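These notes concern the structure reproduced below.
Just so it is clear, the model here is predicted, and its values are computed rather than measured. We use all heavy atoms of the structure for the numbers below, so side chains are in, but hydrogens, waters and symmetry mates are not.
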2 protein chains.
Amino acid sequence: MSVKRITSIDVARYAGVSPSAVSRTYTAQHKVSAATRQKVLAAADALGYHPNALARALVNSGRQGSGTVAVVMSEFDNPFQPYLFSLLTQALQQAGYIPMLINVTADCDIHTSLLQAQAWQVEAAIISAGSLSQAATERCLELQLPMVLMGREDRQKKVTAVLSDNRYAGRLAADYLADAGLTRLAFISGRQDGQASQERQQGFCARLQERALPAPLVILNQDYAYQSGYRAMQRIIRHAPHAEGVFCACDALAFGALDAQRLEDHRRRPVIGCDDTPMANWQGYRLTTVRQPVEQLVKQVLINLKQVLSGCAGAAATVRIQPELVVR
Amino acid sequence: MSVKRITSIDVARYAGVSPSAVSRTYTAQHKVSAATRQKVLAAADALGYHPNALARALVNSGRQGSGTVAVVMSEFDNPFQPYLFSLLTQALQQAGYIPMLINVTADCDIHTSLLQAQAWQVEAAIISAGSLSQAATERCLELQLPMVLMGREDRQKKVTAVLSDNRYAGRLAADYLADAGLTRLAFISGRQDGQASQERQQGFCARLQERALPAPLVILNQDYAYQSGYRAMQRIIRHAPHAEGVFCACDALAFGALDAQRLEDHRRRPVIGCDDTPMANWQGYRLTTVRQPVEQLVKQVLINLKQVLSGCAGAAATVRIQPELVVR
DNA sequence: TTGAAAGCGATACCAC
DNA sequence: GTGGTATCGCTTTCAA
C-alpha cells in the first residue's frame, strides 16, 4: 500500500556513513568534509531521499523553530486583502517559511484556528484580520504565541504591529481636496469599529480643522465593501448634493462611490480612495488614492517577525509606514 | 527562556494514568472508559495541555495522514483567484485540514515548492495554478504526491481534475449573443496556452459554426489581465468597429473591454464575461457572464481529495461542473 | 479497558 | 570531522 519511505538511516547505510553525517549535510550551519558530503548527496540522490520536515521540526521545536508561520486573514472580497496576502506569502516563502493559512470569516473562528496552528508548533502568527475585535485579540494574546499584527494594533500595545500611518493618510487626502479649493467635503467610513477607518477619518477631520475648513459630512458604514460605498454616495447625492469632494476609507468604497456618482448624478466630485489597490489604476477608475506601501509593510512585518522570534526586547512596538498620495 | 511545554506525559502523571490513556482520549476512534477520559480531560485543562500535532503526524505519517494539504495558487491579481481561494481554504479548514499555502509566480517555483510541501508530509496537493505548463505538471506527477488539479487537467489524465465545462461556457455565450440577433462577434482570449481560455474559445466558435454564423474575430492575449482586455477592445474599436458583440475568456478581461468601450467608443456592444466574480455584480459593470459555480467546484475538489487519499481506483477522472449564464 | 515499551525520522550532544 | 545515542511528543502494538 504505502510506499516505504526513505529515511536518513537508509541514506547513511547506503553511503557508508553515520546518520549524523547525513543530518549534518542537510543542516547549513554544520561542518562536514567535502568527501562525506559528496557521498551522502550521491546516496540521497540515488535513493530519492528528502529530509522529513516533520521529524526535524519535532526535534528542534523549542530551540530553532519549526519553519512554519500561521497567516490569519479575512475579507478576501476586499481587493486590498488578496494583494497584501499575495505579497506577504511570497515574502514568507522567500524567507524560508511555509505559511499555514487561517482564513477567518467570523471573529469566533480565529481563536480556535490559532489553537490549531499552535498545535502545529508554528513559530508565530501574522494576523492581518483587519476587523478583529479587541476581545478576540485579547484571547489570542493569552495563547503565548508570538504574533505580529498587520493593519491594526492592540490597544494595550502588547504585540508588535505594522500598519500604515492612517492619520497621515487622512491628512494627505484632506490637503489634496483643500488645495483644490474645495471646502464642503464628505467622508465615507468603512467598518466603524475598524482601526484603519477610524484613524483615516481622524486624520482627515483634524487636517480640515487645522485649515479652518468645515467639518466633513461623515457617512458611516458597517464594512469596507463596494456596495457600501455605492449606497453612501447615493445618500450624498440625495441629501447633500452640494458636497464637493469625498474621501473614502478604502479603495473598494471609493469604487462604489465613483460608480454611484457616474451612474446616478450629473455632478462630478473628486473621490479619493485609500490603499492603492491595483484596480485603482484601471482606466475605468483612475482613482486618486493614498497608497499603502505594501512592499514596505511586508518587509517590515518580516523584520518584526524576526525580532519577535529572537525574543528581542523592544519588539512590542508599533511601526507605522508612511503612505503617499497617488494622483490620477 | 522557552516555556516548558506540557506533554502528554505530564498530563498522564497529573491524572494518574498512563500516557496511552491520554493518547486514547484524544484520538476519536479509540476506546477509553468515561472515568479515565474525565480524569485526563480535567488534568489537561488544569495544565493547559494541547496535543502536539507535529509529533502526532510524525507517528502516523504513512498510515493516517498528517492533516495538512498543500494549496498551490497563482495570479492573485485576477479577481477570480482570491474568490476561489477563499472558499477553497474555508472548505478545507472545515473538513479539518490545515492548508499550507504555496503561492507561485513563475512556473519554475512550483516543483521546488511542492518538494518543500512534501517534506512536510502533506497528504496531498491541490493545484489551482491555472497557468501551469505541461512540463511543470509532469514534474509534479513524478513526485508521487497525491494531487487534485483545479481549473485545468493534465493531458495524460493521470491526475484527478475538477474544472468547469469551459466549452459549454463558450456555447452559452455564443447562444446568448446569437439569440440577440448579433452575428459579427469577437472573442478576447486569455493566456493562449491556458486551458480555460482555449476551451472557452473552442466552445464559442463551435457553437457559432453550428448556428451557421461567421467565425468570430479572435484577439489573442498573453494573460487574463484587465489591461489586456482593455487593449483588445481598443483594437476592436480601431480595426473592427463593426463587431456587434464580444465574449471574453474571463471577467477581468471583460471589465477591461467594457471600460475601453465606455471610454473610447460611442458604440455599445454587449460584452460577455466568464467566471462571475463578485465584481461582475457591481453596479459599475453589471456584467452578463457565465458563472463558474465555485461552491460546487470546491465541494467536488474535496470529494476528489478524499477519493485520491483513499487510493480509490477511478480517482484519476476529470469532473466537469456545468456553468450557467448570468444575465445582467 | 489499561499500561509498558517499541518505534516514527531526524538532530544534538558527547566522546573519539 | 566523525560516529554512537538519547531525545523530541505521541501513537500503537502487545500482554495483562
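Distances shown here put a side-chain N or O of A/Thr36 below 4.0 Å from the OP1 or OP2 atom of D/dT2. The side chain of A/Tyr49 contributes an N or O atom lying less than 4.0 Å from OP1 or OP2 of C/dA10. Remark: A/Ser20 is not in phosphate contact with C/dT11, judged by side-chain N or O atoms under 4.0 Å from OP1 or OP2. Considering only side-chain N and O atoms, A/Ser18 lies nowhere under 4.0 angstrom from the phosphate OP1 or OP2 of D/dG4.
The side chain of A/Pro19 lies closest to C/dT11, out of D/dT2, D/dT11, C/dT11. Listed nucleotides C/dG7, D/dG1, C/dG9 differ in distance to A/Lys31; the shortest reach to its side chain belongs to D/dG1. Checking D/dG3, C/dT2, C/dA10 against the side-chain heavy atoms of B/Ser33 singles out C/dT2 as nearest. Each of C/dA12, C/dA10, D/dT12 was ranked by its minimum atom distance to the side chain of A/Pro51; first place goes to C/dA10. Of the candidate nucleotides D/dG1, C/dT2, D/dG9, D/dG9 has the atom nearest to the side chain of B/Arg5.
Judged by closest nucleotide on DNA chain C, B/Arg37 is the one of B/Leu58 and B/Arg37 placed further toward the 5' end. Residue B/Ala21 is the one, among B/Ala21 and A/His50, whose nearest nucleotide of DNA chain C lies closer to the 5' end (criterion: closest heavy atom).
Close placement of the A/Phe76 and B/Phe85 rings is indicated, their centers lying within 6.0 Å of each other. Ring to ring, B/Tyr26 and B/Tyr49 are close: their centroids are under 6.0 angstrom apart.
Protein atom CZ of B/Arg24 is 8 Å distant from nucleotide atom C1' of C/dT1, rounded to whole Å. For A/Asn60 and D/dA6, the CG to C1' distance is 15 Å, given to the nearest whole Å. Remark: C1' of D/dC10 and CG of A/Leu54 are 12 Å apart, rounded to the nearest angstrom. The nearest whole Å value for the distance from the NZ atom in B/Lys39 to the C1' atom in C/dT1 is 12 Å. Rounded to whole angstrom, the span from the CZ atom of A/Arg56 across to the P atom of D/dG9 amounts to 18 Å. The interatomic distance linking B/Asn52 (CG) with D/dT7 (P) rounds to 18 Å, in whole Å. D/dG9 atom P lies 19 Å from atom CD of B/Gln121, rounded to whole Å. The separation between B/His30 atom NE2 and C/dT1 atom C1' is 13 Å, rounded to whole Å.
Judged by distance alone, the side chains of B/Ser23 and B/Ser20 never bring a donor and an acceptor atom under 3.5 Å apart. For the residue pair B/Ser86/A/Asn103, the side-chain donor-acceptor check at 3.5 Å is satisfied.
Between B/Arg320 and B/Glu153 there is a salt bridge, with a side-chain nitrogen of the basic residue lying less than 4.0 Å from a carboxylate oxygen of the acidic one.
Among the atoms of the strands shown, base atoms are found under 4.0 Å from some heavy atom of B/Ser23. Backbone-only engagement by B/Val32 is indicated by non-hydrogen atom pairs under 4.0 Å involving sugar-phosphate atoms exclusively.
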> Would B/Trp120 and A/Leu54 satisfy side chain to side chain contact (heavy atoms under 4.5 Å, CB included), going step by step from the backbone distance to the final call?
Replying inline: CA-CA 6 Å; B/Trp120 279 97; A/Leu54 241 39; 3.6 Å; yes
